[in-house]
Amino acid sequence: MLKLHYNLEKVSMGLVVAIIVAASIGGIVEIAPLFRIDETVQLPEDLRPNTPLELAGREIFIREGCYACHSQMVRSLGDELDRYGPYSLAAESAYDHPMLWGSKRTGPDLARLGEKYSDDWHVAHLIDPRAVVPASIMPAYPWLMRPLDTGLLRDGLATLARLGVPYDEAQIAAAPADALAQSRPDSTEAEGFIERWGEEIALRDFDGDPARLTEMDALVAYLQSLGRLTDAPYRLMAAEEGAQ
Amino acid sequence: MKAIATLTRPERGTALLLSIGLAVLGLVMAAVARQGVMATHGMMAVALGLFLSVALAGAMNEPEPPADRLHRYYDAPTRFGIGLTLIWAVIGMGVGVWVAALLYWPEGTPPWPWTSFGRLRPVHTSGVIFGFGGNALIATSFHVLQRTSRARLADSVSPWFILIGFNLFCLWAASGYLMGSTQSKEYAEAEWYADIWLVVVWVTYFVLYIRTLARRNEPHIYVANWYYMAFILVVAMLHIVNNIALPVNLGTAESFPVWAGVQDAMIQWWYGHNAVAFFLTAGFLGMLYYFLPVRSGRPIWSYRLSIISFWGIVFFYIWVGSHHLHYTALPYWVQTLGMTFSVMLLVPSWASAGNAIATLNGAWHKVRDDATLRFMFVAAVFYGLSTFEGSFLAIRPVNSLSHYTDWTVGHVHSGTLGWVAMIVFGAIYTLVPQLSGRETMAWPRAIEWHFWLAVGGTLIYVVSMWNAGITQGLMWRAYDEGGALSYSFIETVEAMAPYYLLRTIGGGMFLTGAILCALNCRATFRDAPALPDTSERPLSPQPAE
């Protein structure tokens with residue numbers, strides 16, 4: 001072996017090839033099968049992708065780096081089930097480009113946040129966290145009350161559709177209008193929104209300012225959708241509890 | 001521009017063409033994007049390209065370097081790279097201390113979007129990993145490659161392209177985060193066009209490395225170069241696979257990664273942990289394997305051990321990323337593989353650390369007297385400690401407590417402050433006097449001050465984060481007699497305050513040391529004789545085998 005290496009280290013391209021081979025094996029073994037597993041694990045039938053407004057909110061969540069302090073992954077540990085709710089399933093983030101599982105909980109996990117607090121609470125909390133939670137160390141985000149730029153939403157949905165997220169052509173074409181419509185329940189556009197996205201989805205003014213479509217609308221709509229894109233984790237937990 | 005004087009006239013012409021090309025590229029980016037982050041980044045490239053063009057055109061007819069330059073090493077890029085390393089050290093660590101302070105004092109956040117914690121945090125991580133670490137690796141690799149091959153860099157323009165191009169990537173990344181442009185993939189936040197640009201720079205780096213190795217006058221490729229090569233090759237592999245993304249349209253920075261959900265998580269942490277392995281470990285082991293023996297005047301203790309540890313690290317590390325995903329929705333068997341290989345990884349890691357420490361046998365009096373060598377010794381010790389801690393944290397039940405807490409942050413910093421930064425400072429204090437044609441640094445006493453600030457700062461940081469992480473992890477899982485959770489989440493946040501304060505103080509001490517180092521290097525470079533003779537290991541006239 002030593003003799004072999006003694007010769008190998010005289011050939012630069014030999015070292016290059018050996019390094020590439022040695023460093024490829026682990027990745028191939030661990031990653032390649034995951035793409036097969038995805039084909040065999042069925043997605044829950046009620047799983048839906050984010051609406052345009054929620055997607056815009058998700059982009060704001062990413063832009064502000066929220067994922068650095070908030071995970072979206074409830075682990076299958078007893079105290080996490082008690083604190084947050086049912087553990088996260090792989091299927092729940094199947095449409096997430098990228099996933100936002102996170103790596104640090106400076107603040108709490110958000111995977112089961114949707115509809116846990118009111119819209120008003122979220123708006124007040126985002127504008128001044130310490131007004132709502134005095135001991136909070138979260139930064140304030142007062143600039144979120146500025147108008148939402150919906151200019152990239154159509155291209156955004158189209159790009160995601162190309163990557164396999166089930167958006168249909170009508171949803172893509174109406175994306176900017178539907179972002180507005182989701183925050184205006186009494187408008188005429190709201191009917192079109194319901195037609196394209198269904199009746200189950202939260203359709204309301206999220207930021208407390210019905211006159212304007214703001215980044216706050218988008219972010220709160222997204223936060224209220226967390227853990228609400230499918231009921232599968234809740235059904236599974238109920239089934240597991242029933243079996244005991 | 002002293003650097004231009006080291007280029008011949010045709011080389012200046014090539015450099016001018018490249019600079020004009022950069023300006024044109026920037027103009028195209030700005031024109032396609034018209035507004036937003038990408039347009040700003042295009043204009044940054046235009047400004048840089050124009051600045052370089054003007055500087056080169058103005059110096060086109062300056063005297064050429066002497067004809068015997070090809071018989072000497074080319075050290076001007078190393079000098080430039082060390083300067084950039086120190087600038088990024090101050091920026092990256094400075095932002096780190098500031099965001100650490102914000103966790104203790106959140107009201108201190110200014111009301112502007114671009115100074116918010118979430119936007120500054122990747123400026124800290126990218127600033128120290130890529131800006132500080134990356135420049136240090138590139139600069140020292142040029143030095144080590146030439147010395148251990150007894151060959152001059154294969155050409156004189158591409159080292160500049162690599163350094164300037166790499167720093168443009170770092171600038172695009174950091175300024176993009178401030179403007180809210182990020183892919184959100186940790187340690188790979190830069191947007192698609194910056195990622196493509198980095199691939200171009202990296203391929204140039206690889207080609208320069210291989211071409212210079214091909215000219216070597218030593219039959220064997222020295223260990224340090226194996227590590228630098230593993231760093232260059234595997235980082236390219238990781239970077240490309242993890243960053244494959246579809247831009248929303250070609251005129252915007254916004255993009256969506258092609259990977260989603262559980263596959264994205266696995267690929268992200270395959271990347272993330274191997275950024276630790278091949279960026280923050282392999283490259284710096286290359287540095288250790290050269291500068292530790294040079295400074296201590298002792299040969300590496302065991303050649304066999306270096307072979308075993310090198311291939312162990314290259315093969316084992318790539319499996320361990322899934323230990324970031326214990327108890328998550330990732331299939332159980334992948335988690336188990338990640339844990340198993342993380343534990344096995346301790347063998348090659350401790351083989352490297354042990355080999356480094358055993359090398360110092362017979363030179364302990366130097367470790368006592370020479371702060372520079374002491375930096376390297378402490379680096380090897382922290383390398384051993386943090387790899388042990390890493391294997392330990394990867395064990396599933398331990399991870400259930402430590403994950404998501406500040407224990408992870410403490411672990412990372414025992415590696416980055418204790419190991420990576422210490423070996424960089426050791427290398428810098430060895431190189432800078434040599435590159436300046438001097439015996440010692442301008443302020444030798446300041447090295448001693450820096451050493452104790454760095455060690456003290458690291459210990460305060462790491463110990464406070466251990467306390468923070470274990471405390472919070474235990475509070476999260478505590479139940480009262482009634483079977484309910486004992487603490488609300490916010491109570492566990494309140495418990496962190498003293499540790500966050502201590503951590504800021506530790507980080508501040510480390511930053512102070514780094515600033516001292518930057519000033520010391522500046523004073524040393526300024527005081528350099530006109531043409532330093534750096535041929536301590538002369539090029540031999542024979543061609544390579």
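These numbers come from the heavy atoms of this one structure, side chains and all, not from hydrogens, waters or symmetry mates. Order of the sequence lines sets the chain letters (A, B, ...), proteins ahead of strands, with each chain counted from 1.
- Contact annotation for A:I137: both backbone and side-chain heavy atoms come within less than 4.5 Å of a heavy atom of chain B.
- Proximity to chain A (any heavy atom under 4.5 Å) is restricted, for B:V234, to the side chain, taken from C-beta onward.
- With a threshold of 4.5 angstrom between heavy atoms, B:W270 approaches chain A through side-chain atoms but not through N, CA, C or O.
- Using modelled atom types and a 3.5 Å distance limit, the side chains of B:R216 and B:T148 yield no donor-acceptor pair.
- Of the atoms belonging to B:V493, it is side-chain heavy atoms, and not backbone ones, that fall under 4.5 Å from chain A.
- Salt-bridge formation is detected for the pair A:R48/A:E54: a Lys NZ or Arg NE/NH1/NH2 atom is positioned less than 4.0 Å from an Asp or Glu carboxylate oxygen.
- At a 4.5 Å heavy-atom cutoff, the contact between B:T109 and chain A is made by side-chain atoms alone.
- Partner A:H122 forms a side chain to side chain contact (heavy atoms under 4.5 Å, CB included) with one of A:V132, A:I127, A:V220 and no other, that one being A:V220.
- Residue A:L8 touches chain B through its side chain alone, counting heavy-atom pairs closer than 4.5 Å.
- Ranked by heavy-atom pairs shorter than 4.5 Å toward chain B, the options A:D128, A:V133, A:V29, A:L100 are led by A:V29.
- Heavy atoms of B:V223 lying under 4.5 Å from chain A are absent altogether.
- Only the side chain of B:L485 comes within contact range of chain A, judged by heavy atoms closer than 4.5 Å.
- Contacts of B:L233 with chain A are made by side-chain atoms alone, with heavy-atom separations under 4.5 Å and no backbone atom involved.
- Rounding to the nearest 0.5 angstrom, the gap separating the OG atom in A:S71 from the CH2 atom in A:W101 is 11.5 Å.
- Salt-bridge check for B:E186 with B:R121: passed, with a basic side-chain N closer than 4.0 Å to an acidic carboxylate O.
- Cation-pi contact between A:R112 and A:Y234: present, with separation from the ring centre below 6.0 Å and deviation from the ring axis of at most 45°.
- Residue contact with chain A, scored on non-hydrogen atoms closer than 4.5 Å, is absent for B:T408.
- Between chain A and the residues B:F489, B:F315, B:F316, B:Y500, the largest count of heavy-atom pairs under 4.5 Å involves B:F489.
- Residue contact with chain A, scored on non-hydrogen atoms closer than 4.5 Å, involves the backbone of B:Q183 exclusively.
- Side chains of A:E80 and B:Y404: no donor on one and acceptor on the other come within 3.5 Å.
- With a threshold of 4.5 angstrom between heavy atoms, A:I25 approaches chain B through its backbone and through its side chain.
- When heavy atoms are compared at a cutoff of 4.5 Å, A:S88 approaches chain B solely by way of its backbone atoms N, CA, C and O.
- For the residue pair B:H403 and B:H326, no side-chain donor N or O sits within less than 3.5 Å of a side-chain acceptor on the partner.
- For chain A, no part of B:N274 is nearby; none of its heavy atoms comes within less than 4.5 Å.
- Ranked by heavy-atom pairs shorter than 4.5 Å toward chain A, the options B:S184, B:P106, B:A329 are led by B:S184.
- Comment: A:D109 does not engage A:R75 in a salt bridge, judged by the lack of any side-chain N to carboxylate O separation of less than 4.0 angstrom.
- Looking at A:R154, neither its backbone nor its side chain comes within 4.5 Å of chain B, counting heavy atoms on both sides.
- Heavy atoms closer than 4.5 Å to chain A are found nowhere in B:Y317, neither backbone nor side chain.
- B:W112 touches chain A through its backbone: at least one of N, CA, C or O sits under 4.5 Å from a heavy atom, while the side chain does not.
- The closest side-chain donor-acceptor pair between B:S255 and B:E191 falls under 3.5 angstrom.
- A:P33 approaches A:I28 most closely through the heavy-atom pair CD-O, 3.7 Å.
- Cation-pi check for A:R162 over B:F256 is not met; the charged atom does not lie both under 6.0 angstrom from the ring centroid and within 45 degrees of its normal.
- Interface residue B:P113: backbone and side-chain heavy atoms are both found under 4.5 Å from chain A.
- Using a 4.5 Å cut-off between heavy atoms, A:Y67 touches chain B through its side chain atoms alone.
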For A:M73 and B:Y327, what are the C-alpha separation, side-chain angles and deciding distance, and is it a side chain to side chain contact (heavy atoms under 4.5 Å, CB included)?
CA-CA 9 Å; A:M73 171 51 61; B:Y327 302 98; over 6 Å; no

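- If you measure heavy-atom distances from B:F206 to chain A, the contacts under 4.5 Å come from the side chain alone.
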